[in-house]
Amino acid sequence: MTPPVRPRLLLLAAAAASFLLSLIQSIPVPVLPQIAQQLGADATTVGWVSTATLLAASACTPLLGRLGHVVGIKPVFIGTLIVTLVGSLLAATVQDVTWLIVARVLQGTSFGLFPLGMSLLRHELPPAKLTGGMATVASTLGVGGGVALVASGLLMQGDGDYRRIFWLCVAVTAVALALAFTLPRRAGAGGRVDVLGAVVLSAGLVSLLLPISQGHTWGWTSARVLLLFTAAVVILVGFYLLERRTAAPLVSVEMLRHRPILVANLAAMAVGFAMFALQLSTSYFVQSPRAYTGFGFSATVLETSLVFLLPGAAASVVVGPLAGVLMGRIGPRNVLALACGLAAAGMASLTLLHDNRVETITAFVVASCAIAMAYAAMPALLVSHVQPAETGIANSVNSIMRTVGGTIGGALVITILAARTHSYGSLALPTENAFRLSYGIGAVIFAIGGLLVLLFIDRPARARAEEPLVAAPAPAVV
């Protein structure tokens, strides 16, 4: 006899896993210079500490989503957390940058936890609790990123050992793993895993993300970058053609072509892009020495974390449940569009109004809460347009699009800030216009994401959203 599902414990386990992967993605970014200094590595090599995780995530996420459907979600969920725990322990103990990069590859498997969690919620929660549950869990993605920036500032004060941030990852992973053992066990649907499709998709995504993340170092017109972009196009087109001919594909081509899914994925890319643009730009902006530049707040790393970033992370915590309630009234489509609009307004405000702390913090809080709302709305929007068997892979693709968008956003901001500088003696610092441009591009991208949702996802779709939620489990993806 199957034990009864405990919704609160189920939500807690899924939320902890989502929080973990967001923490793992963001926490080393502010401390890469300290890692380089403490390990005696150059900036290019240390950049792989961040890049390796994104590449591993792109390779593993769709495969783990499919495995969860075939063999069952709980064992794949637990197995992924064990690999993540090994990676976190390795990152917290190694003394060599090469092994740290290996550890970050292992940590990158954690990105598969989010689509697995969404699939689990869809199968185990009653329809009345599903939208709110998904909103709560998904919003932790935005919260985790904000907490990571705050935690890195707190842990690295006083020239602290960078390994502290990875011990935090160990602790959070251990908690998530303990909660994962409480998850209900449901047998998988059986069938086979499209290994060839997974390999081809991984190769295409790695070929795409690698030049995006390293382009500012290699040179955007370098032979390596152009060759990898060309390879990415060829491989991904080949993947599309391969999946059309495969009886049990890793990703259903028809699902990808379905307009609401396509638009939701484009919106995910926009949200990922603008989130990284917001967080990176703000971190650099508030630390700009006003005595030299005439702008910024000369904030220390600790002050950046506690004064400027923490309010946004704290406010985002309450947004997930509220977004779930709002979706029950106006639907995930409208909530996602509203979130994009609010985030665009917040970033536009930062473009024009950043002379004092209050207006800067207020705009950052608004944008951060809007990002949490967008994260909360996207899984519910996907669920309303796919069958239960496709939930895992649909959220996997959506997660990959967020990763691609975030990689582009981070790379573009770094490129803009590096290209638009002014010399103050031996110091070369980004200009105010560089920050204005970064915020402005983020605002435009958010606005485009919202417009795509409003223009190309039909309003009546919400009425059909209820049907798949109460339908009998669908057969395997074909």
Side-chain angles (χ1 to χ4, degrees), residues 10-11 13-15 17-22 25 57-70 72-74 76-77 80 108-125 130-142 144 183 188-189 198 201 205 249-252 254-256 258 260-272 320 323-324 327 332-333 336 372 374-406 457 465 468-469 473-474 476-477:
L10 181 67
L11 285 173
S18 297
F19 177 88
L20 170 66
L21 74 92
S22 185
Q25 179 182 11
S58 67
C60 295
T61 300
L63 181 60
L64 292 174
R66 178 63 180 168
L67 274 174
H69 173 70
V70 172
I73 296 171
K74 183 175 182 177
V76 178
F77 203 90
T80 301
T109 60
S110 64
F111 282 55
L113 294 170
F114 179 72
L116 287 170
M118 290 297 103
S119 185
L120 186 72
L121 294 182
R122 186 170 190 184
H123 282 96
E124 302 296 343
L125 288 183
L130 182 58
T131 298
M134 284 187 162
T136 299
V137 171
S139 65
T140 60
L141 291 171
L183 294 174
L201 178 60
L205 291 171
L250 180 72
V251 181
S252 168
E254 291 303 318
M255 181 190 73
L256 291 179
H258 188 41
I261 304 301
L262 176 62
V263 173
N265 287 334
L266 292 175
M269 188 174 177
V271 172
M327 279 189 279
R333 166 192 177 270
L336 180 54
Y375 276 136
M378 278 186 284
L381 185 62
L382 291 172
V383 161
S384 68
H385 291 281
V386 300
Q387 293 298 319
E390 296 177 316
T391 302
I393 195 62
N395 278 284
S396 295
V397 173
N398 196 256
S399 296
I400 289 171
M401 294 300 288
R402 280 200 310 272
T403 301
V404 171
I457 297 182
L469 303 184
V477 181

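Because the structure is a prediction, the values reported are computed rather than measured.
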Going by heavy atoms in the side chains, are [X] and [Y] under 4.5 Å from each other?
X	Y	value
Val76	Val70	no
Phe114	Ser22	no
Thr61	Pro115	yes
Leu67	Leu116	no
Arg122	Val386	yes
Ile261	Asn398	no

Drop me the distance from [X]'s [atom1] to [Y]'s [atom2], to the nearest 0.5 angstrom.
X	Y	atom1	atom2	result
Met401	Ser58	CE	OG	13.0 Å
Leu336	Tyr375	CG	OH	12.0 Å
Leu382	Asn265	CG	CG	6.5 Å
Ile400	Asn395	CD1	CG	11.0 Å
Leu120	Leu10	CG	CG	5.0 Å
Leu262	Ile457	CG	CD1	9.5 Å

- Does a donor on one side chain sit under 3.5 Å from an acceptor on the other, for Ser399 and Arg402?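 A pair is found: one side chain offers a donor N or O, the other an acceptor, under 3.5 Å apart.
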For the student: nearest non-hydrogen atoms of [X] and [Y], plus distance:
X	Y	value
Cys60	Thr109	SG-CG2, 3.8 Å
Gly324	Thr131	O-CG2, 4.3 Å
Ser18	Thr140	CB-OG1, 3.2 Å
Ala135	Met327	CB-CE, 3.3 Å
Pro379	Met118	CB-SD, 3.4 Å
Val271	Ala374	CG2-CB, 3.9 Å

- Item | Check against side-chain contact (heavy atoms from CB on, under 4.5 Å), Thr403 and Phe111 | CA-CA 9 Å; Thr403 301; Phe111 282 55; 4.0 Å; yes
- Message: Before you tell me yes or no, could you show the steps for Leu11 and Leu125 under side-chain contact (heavy atoms from CB on, under 4.5 Å), namely the whole-Å CA-CA distance, both residues' side-chain angles and the distance that decides it to 0.1 Å?
- Response: CA-CA 9 Å; Leu11 285 173; Leu125 288 183; 4.1 Å; yes
